[in-house]
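Notes for the one structure printed next.
Every chain is numbered from 1 and lettered A, B, ... according to where its sequence line falls, protein lines coming before strand lines.
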2 protein chains.
Amino acid sequence: MTKISFRTRIEDLRRRELIEAAHRVFMQHGLGGMTTKRICEEAGMSPGILSYYFKGKEDVLFAMVRLNNRLLMEAVASGLAQATTRWGRLEAIIAGNFPEGLFEPNIANAWLSVCAASATNQRYARLQRIFYARLKSNLASVFRDVLPDARFKQIALALGTMIDGLWLRRATGEALTPQDSTALVLSVAVALLTEAERAELAA
Amino acid sequence: MTKISFRTRIEDLRRRELIEAAHRVFMQHGLGGMTTKRICEEAGMSPGILSYYFKGKEDVLFAMVRLNNRLLMEAVASGLAQATTRWGRLEAIIAGNFPEGLFEPNIANAWLSVCAASATNQRYARLQRIFYARLKSNLASVFRDVLPDARFKQIALALGTMIDGLWLRRATGEALTPQDSTALVLSVAVALLTEAERAELAA
DNA sequence: TAAATTTTTGTATGTGCGTTCAGTTTTTTG
DNA sequence: CAAAAAACTGAACGCACATACAAAAATTTA
């Protein structure tokens, strides 16, 4: 009993340390510059430890991406919980996609690399799909019963695309704040909707 | 005389063949899967040839990216030349950013990889900057003297971001045609402008 | 055609990587 | 406190890669 709980605690700790080290190495050296040696060094451990706690390098990478995705999704979920009107939920979804402290060049770049790698990596592609499905379903919860299907599709695509584009721009170092970005996406949402639709969403 | 001109012709030919081979390998195996051996094999040459015509692998990659960028820029330029009104120029710029036959998942993915690599590769970053500067300057030529500076900045950012976002989505395999994408960006442009502004642009 | 030059080949070399594993240290157990 | 188990080490291995290079083939020159 004690044995298992301790073992689990250490294991989880080390795994998390390695994931976070991997994340830091990734930020500094890019996807190509991530070596097991560097990751372990960054974590203050010996090179062999990685195989002890993970199946291999690919495993650490995947865990890292999954963790990041979870953080982003949670940011949206916590914002959504507090909103009362449909429009409030829309604001929460958009703002949640530009979390303070996470909407930074290196993190954006990490996400970009994963997008690119999705083309040749099934596991990444799956994470990606889950992420987009969640965004779309969140947006659907805002516009359901207010917009006809075709229009919803157009607006959801426009907003989702905008969010992606802003992250991409952020990855190149463009000086965008979470506030700027949220405001820009919202302004597009406002522009694309009729006054009547906006009123209905605000109710 | 004959000697030099022949030599140059062969040299340019081989370089181009290698660049195109590199491009095909890139499409199929991603940035990480590009090896000199594969490139040369794809070009139907022996592995050593690469060092003969290029400084190294990095050199081929850079040439490849530069060529792609040039193709995209030329697509825009040729469209721009035919437009007569400001609005026509706007349409040309946007449509030119989704060229038929180039707006495809593998090409989009290539571009994405380069974006990601720009973070740790100075030369890529420079190409990127040139590309964005060109887009911005093209958009400026449309809105100059019609919109105040702050508004131009907002709209240019919105449209540029949208274009980037659509390419990113295309990279993930989303079923977007050049026509869909152009229409979506234009619809956002229409929505963001006032009726008076649109009239002035159409003149 | 013979010499000279350019072009191409395929192997060799060195480097850096992920992973393994026998052994060592640390922690837990009884 | 010993015995056992877990956590960890770091050197060693094999592999894939970029690049270099000497030799060969093809082409041009005179």
When the distance from [atom1] of [X] to [atom2] of [N] is rounded to whole Å, what number comes out?
X	N	atom1	atom2	answer
B:Glu58	D:dC17	CD	C1'	14 Å
B:Met45	C:dT6	CE	P	19 Å
B:Leu50	C:dT9	CG	P	12 Å
A:Glu11	D:dA7	CD	P	7 Å
A:Tyr52	C:dG23	OH	C1'	14 Å
A:Lys57	D:dC15	NZ	P	19 Å
A:Glu41	D:dC8	CD	P	18 Å
B:Leu18	D:dA18	CG	P	14 Å

Treating B:Arg38 as the side-chain partner and B:Gly33 as the backbone partner, does any N or O pair qualify as donor plus acceptor under 3.5 Å? yes
Answer yes if the side chains of A:Thr161 and A:Asp164 hold a donor-acceptor pair under 3.5 Å, and no otherwise. no
State whether B:Phe143 and B:Arg86 meet the cation-pi test: NZ (Lys) or CZ (Arg) under 6.0 Å from the six-membered ring centroid, and within 45° of the perpendicular axis. no
Parallel, tilted or perpendicular for B:Phe98 and B:Trp167, by the 30°/60° rule? parallel
Heavy-atom nearest nucleotide on DNA chain C taken for B:Ile49 and for A:Pro47; more 5' hit belongs to B:Ile49
Quick check: do B:Leu157 and A:Leu176 have side-chain heavy atoms less than 4.5 Å from each other? yes
Any side-chain heavy-atom pair of A:Tyr132 and A:Gln128 under 4.5 Å: yes
Base, sugar-phosphate, or nothing: which does A:Tyr53 touch, judged by heavy atoms less than 4.0 Å apart? sugar-phosphate
Using a heavy-atom cut-off of under 4.0 Å over every strand shown, decide if A:Gly48 touches base, sugar-phosphate, or nothing. base
Contact residues, residues 27-38 of chain A to DNA chain D [heavy atom, < 4.0 Å]: none
D:dT19 OP1/OP2 closer than 4.0 Å to side-chain N/O of B:Ser51: no
With a sphere of 6.0 Å drawn around CZ of B:Arg24, does it hold more than 12 non-hydrogen atoms of other residues, nucleotides or ligands? yes
